[in-house]
Amino acid sequence: MKKKSAIITGASKGIGREVAKHLSLQGYDLLLISRTEALLAELKKELSIASKTTTIETAAIDVFNFNEVNKTVAGFYEKTGTIDLLFNNAGYVKRGTSEIDLAELSLMINSNLIGAVNLIKSVVPLMKMKNSGYIINVCSRSAQAPRSFLGGYAATKAALLAFNEALYKEMKETNIKVTALCPGFVDTEMTSDVKEDREKLIKTTDICSAIDFLLSLSSSVALKTLSFESIVQVGGYC
């Protein structure tokens with residue numbers, strides 16, 4: 001079976017880290033992107049021990065920097081000859097709506113929206129060359145049901161969700177699939193301030209199961225959005 005490759009952003013922690021481990025065990029060649037070089041090095045070492053046959057590239061770059069992103073993606077493609085999956089996961093969150101700090105809002109826009117678009121701009125031409133691939137944009141339930149204290153974050157994720165829908169339609173005549181993944185509270189560092197029973201939050205392994213589900217669908221299925229939330233969130237948005 002032909003080897004596959006995947007790019008994961010926000011790979012050094014939380015969801016990205018779990019997805020990297022999951023895809024590595026499935027034999028994917030990986031490009032792991034994060035701003036934290038030490039954490040990437042630690043993850044690469046862990047994955048190299050667990051999977052001897054997987055090529056693992058890391059890049060400690062800011063996804064907001066298109067030139068760095070494009071150069072890194074092109075280098076990975078040159079080595080692997082294919083990019084089968086982009087898991088667009090890099091994200092940043094700060095509380096605030098009417099009193100949102102504008103500097104923090106800019107950082108969220110740069111990471112949550114522009115960074116994701118930068119990866120898409122770099123990857124789509126390469127996927128079109130093969131006429132195949134899957135792009136999963138990690139949005140958030142906040143993009144669909146904003147909470148009163150997360151207005152700035154919700155706005156950036158809603159913008160990504162809108163971009164995802166446009167891309168989903170744009171790729172209609174290709175074999176490139178596009179899905180927005182919109183989870184609620186996931187048990188990671190990002191939700192450390194959520195005062196709920198951690199056992200009732202979405203597990204990072206649930207995200208991996210969602211990816212497996214998407215990749216298992218036949219070529220005749222297009223799924224624009226996959227939304228799910230932790231049981232403690234049901235009916236609790238305000």
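Below, each value reflects all heavy atoms present in this structure, side chains not excepted, and no hydrogens, waters or symmetry copies. Keep in mind the model is a prediction, meaning the values are calculated, not measured.
The salt bridge (charged side-chain N to carboxylate O under 4.0 Å, His left out) analysis of residues 148-170, with sequence neighbours excluded, yields the pairs Glu165-Lys169, Glu165-Lys224.
With 3.5 Å as the limit, one finds no donor-acceptor pair spanning the side chains of Thr80 and Thr82. Gln26 and His22 share a donor-acceptor pair across their side chains, judged by distance under 3.5 Å alone. For the 3.5 Å distance criterion, the side chains of Thr179 and Tyr168 fail to qualify, holding no donor opposite an acceptor.
Taking the centre and axis of the six-membered ring of Phe66, the NZ or CZ atom of Lys121 falls inside the cone set by 45° and 6.0 Å.
Using a 4.5 Å heavy-atom cutoff, the side chains of Leu181 and Phe228 are in contact.
The shortest heavy-atom contact between Val63 and Ala90 is CG2-CB, 4.2 Å. Nearest heavy-atom pair, Ser5 versus Tyr28, reported as atom, atom and distance to 0.1 Å: C-CD2, 3.7 Å. Scanning both residues, Gln144 and Cys182, for their nearest heavy atoms gives OE1-CB, 3.7 Å.
Exactly one of Met127, Lys130, Met129 qualifies for a side-chain contact (heavy atoms from CB on, under 4.5 Å) with Ile83. That residue is Met127.
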- request: Walk me through it: do Ser122 and Asn70 pass the test side chain to side chain donor-acceptor pair (under 3.5 Å)?
  value: CA-CA 5 Å; Ser122 297; Asn70 198 45; 3.1 Å; yes
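Remark: Lys79 pairs with Glu57 by the salt bridge (Lys or Arg N to Asp or Glu O under 4.0 Å) rule, at least two apart or across chains.
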